[in-house]
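Here is the structure we will look at, set down as C-alpha cells.
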Amino acid sequence: MSTYVYGITASTHPSLPEGMGGVGDPPRPVRILREGELAAVVSDAPEGLRPKRKDLLAHQNVLSETGAAGCVLPMRFGSVAPDDEAVTGVLAERAAHYRERLRTLDGRVEYNIKANHVEEAVLHHVMAESPEIRALAEANRKAGGGSYEDKIRLGEMVAQAVKAREAEDAAALQRVLEPAAEAVSTGPDSTGWLANVSFLVDRGSAETFLAAVEQARKELPHLEVRVNGPLPPYSFVEPGPAEPAATAAGGADAGA
C-alpha cells in the first residue's frame, strides 16, 4: 500500500501524533517513520483520494497537532509515496536540506495575501490619471453614448489601463508588506487576483505583519486585500541550504 505524507519534522519532536486519525474513510491511523535525525508523519494512503473537505481538514488537523509543539515542514494535500521505504529513502537523501529548513522555519508561520481591484474605485483612478480616456468618455457622453467603434475603443483603453494598474498595485502591495516579513514567495497567477503572495513571518511578529496589512488597505483603498493565515509554511519548504528562503518564488496557494 502507498504511503501518504503529511509532513517532516525532527525525530526528537516532543509530540509526534501517532494514532490520531488522518485522511480516508475510515480515517487511516497516523504513524511515524524515523530516519536518523528526521521523522515523517504518515499514514496509509486511501485509494481514490480526492480533495474533499473532510480529508482536507484531516490533513490540516494532523499538521496542526504536529506543529503545536515544534516545527514541521508541511507537505501539500495529496503527497503520496510508493511505500514507507521510499519515504525514509528521501529523508536520508535530503537530510541536509530538511534539517536546514527545520532550523530556518522554526517559529515561523505563513500568511497568504490575495488582492484584486475594487472595480468602481480602480475605474475612478484610471479616469483620473488618463486625460485621453477622460476626453473620449466625455466625447461619447456628449454624442449620446458615441458610435459603436468609439465605445469599443474606450472599452479597450480602459481595459489596458486597468491591466497596467494590476502590476503596479501588486508591486505596491508587496512593498508595504515585505518589511514586516522574513521572506516572500510569489504564487502562481490565478483568475480574479492581481496578487497572490505568501509571506514568512515570525510567530511573535504576527501582529506587526497584520498591522502592515491594515496599512496597505489604507494606502491602497482601491484594492480588496484578503488574508489567509497563520498557516504552516507551505510555500517555504523547498528552498535548501544553497537558496535562502528570502529568494523563494513560485509557491503555490497556501493551505491544504
Legend entry - Heavy-atom side-chain contact between R108 and V201 under 4.5 Å: no
Inset, instruction - Search all heavy atoms of L173 against all heavy atoms of A195 and return the closest pair with its distance. - result: CD2-CB, 4.2 Å
Inset, instruction - State plainly whether the residues R217 and E214 are in salt-bridge range, i.e. N to O under 4.0 Å. - result: yes
Legend entry - Interatomic distance, L38 atom CG to H13 atom NE2 [nearest 0.5 angstrom]: 12.5 Å
Legend entry - Cluster link W193 to V118, ILVMFWY, side chain under 4.5 Å: no
Inset, instruction - Decide side-chain contact (heavy atoms from CB on, under 4.5 Å) for N196 and T186; before the verdict, give the C-alpha distance in whole Å, the side-chain angles of both, and the deciding distance to 0.1 Å. - result: CA-CA 6 Å; N196 175 20; T186 304; over 6 Å; no
Inset, instruction - Answer whether the closest heavy-atom distance between the side chains of P233 and V109 falls below 4.5 Å. - result: no
Inset, instruction - Output, in order, the C-alpha distance, side-chain angles, deciding distance and verdict of side-chain contact (heavy atoms from CB on, under 4.5 Å) for D202 and F209. - result: CA-CA 9 Å; D202 186 288; F209 179 79; over 6 Å; no
Inset, instruction - Nearest 0.5 Å please: distance from the CG atom of N61 over to the CG atom of L56. - result: 11.0 Å
Legend entry - Heavy-atom pair with the smallest gap, counting every atom of A86 and A81: CB-CB, 4.3 Å
Inset, instruction - Report yes if the side chains of C71 and L105 come closer than 4.5 Å at any heavy-atom pair, otherwise no. - result: yes
Inset, instruction - Would you check, one step at a time, whether the test side-chain contact (heavy atoms from CB on, under 4.5 Å) holds for L91 with I8? - result: CA-CA 9 Å; L91 293 183; I8 296 168; 3.8 Å; yes
Inset, instruction - Taking the side chain as every heavy atom from C-beta outward, state whether V225 and V213 have any pair of such atoms under 4.5 Å apart. - result: yes
Inset, instruction - Give, for atom CD of E93 and atom CD of E35, the distance between the pair rounded to the nearest 0.5 Å. - result: 11.5 Å
Legend entry - Polar side-chain atom of E110 near backbone of S235 as donor-acceptor pair, under 3.5 Å: yes
Inset, instruction - Report yes if the side chains of V237 and M75 come closer than 4.5 Å at any heavy-atom pair, otherwise no. - result: yes
Inset, instruction - Give a yes or no on whether the backbone of D25 and the side-chain of K54 come within a donor-acceptor separation of less than 3.5 Å. - result: no
Legend entry - Closest heavy-atom pair and its distance - A45, V80: CB-CG1, 4.1 Å
Legend entry - Distance, nearest 0.5 Å, that separates CG of D84 from OG of S2: 10.0 Å
Legend entry - Donor-acceptor contact present, side-chain T66 to main-chain V72, <3.5 Å: no
Inset, instruction - Might you confirm whether atom CD of E47 has over 12 heavy atoms from other residues, nucleotides or ligands at distances under 6.0 Å? - result: no
Inset, instruction - Answer yes or no: is there a donor N or O on one side and an acceptor on the other, between the side chain of R31 and the main chain of P29, under 3.5 Å? - result: no
Inset, instruction - Mark yes or no for whether D106, through its side chain, and L102, through its backbone, hold a donor-acceptor pair below 3.5 Å. - result: no
Inset, instruction - Could you check if a side-chain atom of N112 sits within less than 4.5 angstrom of a side-chain atom of V197, using non-hydrogen atoms only? - result: no
Inset, instruction - Step through it carefully: locate the ring centre of Y234, locate the ring centre of F236, and say whether they are under 6.0 Å apart. - result: no
Inset, instruction - Measure the shortest side-chain to side-chain distance between L73 and T9 over non-hydrogen atoms and say whether it is less than 4.5 angstrom. - result: no
Inset, instruction - Anything under 30° is parallel, anything over 60° is perpendicular, the rest tilted; go ahead and classify H59 against Y6. - result: tilted
Legend entry - Residues, nucleotides or ligands: over 12 heavy atoms within 6.0 Å of K52 NZ: no
Inset, instruction - Mind checking the CG-CG spacing from N116 to D169? Nearest 0.5 Å is all I need. - result: 11.0 Å
Legend entry - Under 3.5 Å: donor-acceptor pair, side chain of T88, backbone of E85: yes
Inset, instruction - Looking only at non-hydrogen atoms, find the nearest pair between V176 and P179 and report the distance. - result: O-CD, 3.5 Å
Legend entry - Min side-chain heavy-atom separation Y98-V90 under 4.5 Å: yes
Inset, instruction - Could you give me the CA-CA distance, side-chain angles and deciding distance for V23 and S43, then say whether side-chain contact (heavy atoms from CB on, under 4.5 Å) is met? - result: CA-CA 8 Å; V23 298; S43 68; 4.3 Å; yes
Legend entry - Interatomic spacing from OG in S198 to OH in Y111 - rounded to 0.5 Å: 12.5 Å
Inset, instruction - Check the surroundings of atom CD in E37: do more than 12 heavy atoms from other residues, nucleotides or ligands lie under 6.0 Å from it? - result: no
Inset, instruction - Specify the closest pair of heavy atoms between P221 and K218, including all atoms of both residues, with the distance to one decimal. - result: CD-O, 3.4 Å
Inset, instruction - Write down the atom of R34, the atom of A39, and the distance for their closest heavy-atom approach. - result: CG-CB, 4.1 Å
